[in-house]
Student: 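Dumping the structure here so I can ask a few things about it.
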Amino acid sequence: MTAFLQYLGQSTRISFTKLGRASYFLLQILAGVLSLLARPRLLLKQLYSVGVLSFLIITISGLFVGMVLSLQGYYTLSDFGAEETLGVMVAASLVRELGPVVSGLLFAGRAGSALTAEIGLMKATEQLSGMEMMAVDPIKRIVTPRFVAGLISMPLLAALFSAVGIIGGQMIGCGLLGVDDGAFWSQMQAGIDFRDDILNGVIKSLVFGFVSSWIALFEGYDAIPTSEGVSRATTRTVVNSAFSILGLDFILTALMFGEH
Amino acid sequence: MQHTSTQDTFVGLFVASGIIGLFFLAMQVSNLSSFVSEDSYTITARFANSGGLKIKSPVSAAGVKIGRVTAINFDPKTFESVVKMSINSKYNALPDDTTASIFTAGLLGEQYVNLDAGGSDTPLKNDGTIEITQSAIILEKALGQFLFKSAEEKK
């Protein structure tokens, strides 16, 4: 019994100190944002590796998710003779939920894990301490540009995901299943509100980008500097990002769409 | 590591395509385009019961959508429902004896305001009021009346 209580107390203490370190780390990142403006080239490089390299996986997944949504939605809707509302169904589920969430998960898997591994390895090979020796702040130089790049890329990737998904859904719905093209778009436009649906989706994706880049960078920076430590940190990044994205999605959905 | 200028190009392409995606969502997918650059004027109608009418419900005349409901309030003095509608300025010649009624699109569809033009020569002005209104038909009420009536007839 005492052993159990001791274990419980210890794990609580460990997780709280980790949370504290992570919050302090976030403050340090944010403090570096202004000095990043003086060096846009660092940001550009990270936008390339975080955003551009995730472009392909996001667009292809978006296309297939939209196509599957259209196919599945059609089978259910046609039972009620409501095939014309396929456009609203595809667009609403993509813009509100699947766009931000699935691209957030893909982003955590594709870019987040790479960030953790990169920073963890930098720490393991003592590049970060080397920088400190040369009086270069590794957080300002290495971490902040990656964080800002993640924050900028995520809403763009989520918007792309939704847009490509809707086009994919239109291709399958109107091309293959024979839903009327005009009804598809007009029902969609009547059913989707810019502020309630699209802007809320953008806010969601911003939050997910913030959280998953924060987790990825912190896990990398906090990793035990051995090859095993880095590999564990990478796993933790993907698992924790996925949990936080899905959990936050529920909370955000309840806050944004709960009143309707 | 790629040359910086090609990297620049790719980043530029990425950002541009993201913005195009957002723009596509805003203009093609949502109803934003139907709000842009439309002048409108406001008219008010008082209903004894506005039923399931909601803000943003369509306002149509002769089956054509000409505006939207912008506000629904309860008047504490007259116990009526005050419905404000914004009508596209293109249709500014509605006569001042226009009738407003609340209809339902289909059996289970959403409710909308239908305007029937009258015969007067003076048009409705901005912030004008429609005097003749017909309340929403509440299905339960109508059904109840029908059942009550048929029970009466059997006696």
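A, B, ... follow the sequence lines: proteins, then strands. Residue 1 opens every chain.
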Student: Answer with side chain, backbone, both or neither: which region of A:Ile166 has an atom nearer than 4.5 Å to a non-hydrogen atom of chain B?
Tutor: side chain
Student: Where on A:Val95 is there a heavy atom nearer than 4.5 Å to chain B: the side chain, the backbone, both, or neither?
Tutor: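 The answer is the side chain of A:Val95.
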Student: Of the backbone (N, CA, C, O) and the side chain (C-beta and beyond), which part of A:Val88 lies under 4.5 Å from a heavy atom of chain B, both, or neither?
Tutor: neither
Student: Using a cut-off of 6.0 Å, state whether more than 12 heavy atoms not belonging to B:Asp121 lie near its atom CG.
Tutor: no
Student: Could you tell me which portion of A:Leu47 (side chain, backbone, both or neither) has an atom closer than 4.5 angstrom to a non-hydrogen atom of chain B?
Tutor: both
Student: To check you understand the geometry: which heavy-atom pair defines the closest contact between A:Ser212 and A:Phe107, and what is its length?
Tutor: OG-CD2, 3.5 Å
Student: Side chain, backbone, both or neither: which part of B:Ile19 has a heavy atom under 4.5 Å from chain A?
Tutor: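 B:Ile19 touches chain A through backbone and side-chain heavy atoms alike.
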Student: Does A:Glu97 pair with A:Lys204 as a salt bridge, N-O distance under 4.0 Å?
Tutor: yes
Student: Under a 4.5 Å heavy-atom cut-off, does chain B meet the side chain of A:Thr59, its backbone, both or neither?
Tutor: neither
Student: Measuring heavy-atom distances to chain B, does A:Leu94 have an atom under 4.5 Å in its side chain, in its backbone, in both, or in neither?
Tutor: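 For A:Leu94, no heavy atom lies under 4.5 Å from chain B.
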Student: May I have the step-by-step check of salt bridge (charged side-chain N to carboxylate O under 4.0 Å, His left out) for A:Arg41 and B:Asp8, ending in yes or no?
Tutor: CA-CA 9 Å; A:Arg41 193 136 291 279; B:Asp8 282 4; 3.5 Å; yes
Student: Check the pair A:Met67 / A:Leu69 against side-chain contact (heavy atoms from CB on, under 4.5 Å), numbers first and verdict last.
Tutor: CA-CA 5 Å; A:Met67 280 165 28; A:Leu69 262 182; over 6 Å; no
Student: Using the benzene-type ring in the case of Trp, are the ring centres of A:Phe147 and A:Phe210 under 6.0 Å apart?
Tutor: yes
